[in-house]
Amino acid sequence: MTCSPADRPLPETERTRHRRLREQGSLERAELDAILAAGFICHLGVTVEGTLMVVPTVYGSDGAALYFHGSVASRSLVASPAAAVCVTVTHVDGLVLARSVFEHGVNYRSAMVFGTPRPVTDPDEKIKGLRCLTEQAAPGQWDYARRPGRKELAATALLALSLDEASVKIRTGPPDDGEGPDAELDVWAGTLPLQTSWGAPEPDPRLTPGIAVPPHIADRTQTRVSTVAAGQRTLPRGFRGTGGSSGAGSRVPS
């Protein structure tokens with residue numbers, strides 16, 4: 001029987017192997033998919049004309065690849081077609097406030113995707129990728145708004161990055177010093193959850209009178225922007241702070 005991509009564990013490579021805070025790492029493809037599905041903004045790390053740039057951009061995931069606008073990255077790909085990039089997606093779920101500053105941390109979900117993106121030139125795939133990207137941010141909008149025309153498609157740079165090489169880290173749960181010497185301190189400890197929700201739609205001042213907010217937009221009011229990934233877990237003892245998805249990382253991200 002052939003396994004679907006979601007059933008296969010994430011492969012470990014030199015770039016994705018968890019070297020620090022391994023207890024936060026995950027090889028479950030389902031957790032990668034959940035992290036990507038919960039957002040629509042990624043940060044693209046790419047070298048452009050010898051200068052490293054990290055560019056925020058919208059993305060869409062179809063379970064096999066990430067699609068994202070590639071105007072900046074395209075400049076690098078033209079000069080170095082085999083140039084690798086790193087795309088990160090991070091959701092902050094709260095602060096972990098311990099009894100000592102050293103034990104403070106962040107509850108988060110993070111994914112890093114490595115690889116060489118390819119320009120999407122096939123017209124059918126470009127439509128598919130742009131729809132994926134649009135629906136990731138605003139479900140229902142592709143079928144509601146005017147779709148891109150031929151000239152707009154030609155002027156749009158779209159890149160696809162395979163999800164074959166990815167790394168995941170997740171931190172959940174309370175502080176780690178509840179059973180140590182600092183537990184005797186007269187200091188409050190716990191977590192401060194962070195939730196982001198959509199506000200009420202604000203119409204364009206030049207909107208033609210009588211056009212109502214469509215249900216697929218109105219229904220998002222007060223809904224969570226990012227939901228916690230399925231299968232979240234409390235980490236074993238020994239956790240301190242938070243780190244990046246692979247080897248590098250700081251105790252508390254700045």
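Start at 1 with the first residue, then count along the sequence.
Side-chain contact between Tyr59 and His43: absent, with no pair of heavy atoms (C-beta onward) separated by less than 4.5 Å. Between Ser61 and Gln136, the closest side-chain pair of non-hydrogen atoms falls below 4.5 Å. At a threshold of 4.5 Å between non-hydrogen side-chain atoms, the residues Cys42 and Leu66 do not count as touching. Residues Leu163 and Leu36 form a side-chain contact, since some pair of their non-hydrogen atoms from C-beta on lies under 4.5 Å apart.
How far CG of Asp177 is from CD of Glu184: 11.5 Å, rounded to the nearest 0.5 Å. In this structure, CD in Glu135 is found 13.5 Å from CG in Asp62, a value given to the nearest 0.5 Å. Put simply, CZ on Phe102 and CG on Asp182 are 10.5 Å apart, with the number rounded to the nearest 0.5 Å. Rounded to the nearest 0.5 Å, atoms CH2 (Trp142) and CG (Leu133) are 9.5 Å apart. Atoms CG and CD, on Asp33 and Glu28 in that order, are 11.0 Å from each other to the nearest 0.5 Å. Atom CG of Leu158 is separated from atom CG of Leu153 by 9.5 Å, given to the nearest 0.5 angstrom.
Residues Pro117 and Phe68 share a closest heavy-atom pair of CB-CZ, 4.2 Å. Closest of all the heavy-atom pairs between Ser110 and Thr90 is OG-OG1, 3.6 Å. Contact record, Pro119 with Leu159: CA-CD2, 3.6 Å, taken as the closest heavy-atom pair. Ala166 approaches Leu32 most closely through the heavy-atom pair CB-CD2, 3.8 Å. Here the shortest heavy-atom pairing between Leu97 and Pro175 reads O-CG, 3.4 Å. Residue Thr221 comes nearest to Pro201 through the heavy atom pair OG1-CD, 3.4 Å, listed as atom of the first residue, atom of the second, then distance.
Contact check on Asp93 versus Arg171 returns no salt bridge, with no Lys/Arg side-chain nitrogen under 4.0 Å from an Asp/Glu carboxylate oxygen. Under a 4.0 Å N-O distance rule, the pair Asp122/Lys126 does not qualify as a salt bridge. A salt bridge is absent between Glu31 and Lys169: the closest approach of a Lys/Arg side-chain nitrogen to an acidic carboxylate oxygen does not fall below 4.0 angstrom. Here Arg131 pairs with Asp143 in a salt bridge; the nearest charged N to carboxylate O distance falls below 4.0 Å.
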Derivation and outcome, side chain to side chain contact (heavy atoms under 4.5 Å, CB included), residues Val225 and Phe40: CA-CA 9 Å; Val225 174; Phe40 59 93; 4.2 Å; yes
Check the pair Leu95 / Val106 against side chain to side chain contact (heavy atoms under 4.5 Å, CB included), numbers first and verdict last. CA-CA 5 Å; Leu95 293 177; Val106 175; 4.3 Å; yes
Take Leu44 and Val54, measure what side chain to side chain contact (heavy atoms under 4.5 Å, CB included) needs, and give me the verdict at the end. CA-CA 5 Å; Leu44 167 67; Val54 179; over 6 Å; no
Show your reasoning for whether side chain to side chain contact (heavy atoms under 4.5 Å, CB included) applies to Leu161 and Val87. CA-CA 9 Å; Leu161 179 63; Val87 172; 3.7 Å; yes
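Each of Tyr144 and Ile127 belongs to its own hydrophobic cluster when Ile, Leu, Val, Met, Phe, Trp and Tyr are linked at side-chain heavy-atom distances under 4.5 angstrom. Hydrophobic clustering (ILVMFWY, side-chain heavy atoms < 4.5 Å, transitive): Ile217 and Val58 are in distinct clusters.
For His91 and Tyr108, the ring centers are positioned 6.0 Å apart or more.
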Quick one: side chains of residues 186-200, donor-acceptor pairs under 3.5 Å with protein atoms, not counting sequence neighbours, listed by atom name and distance.
none

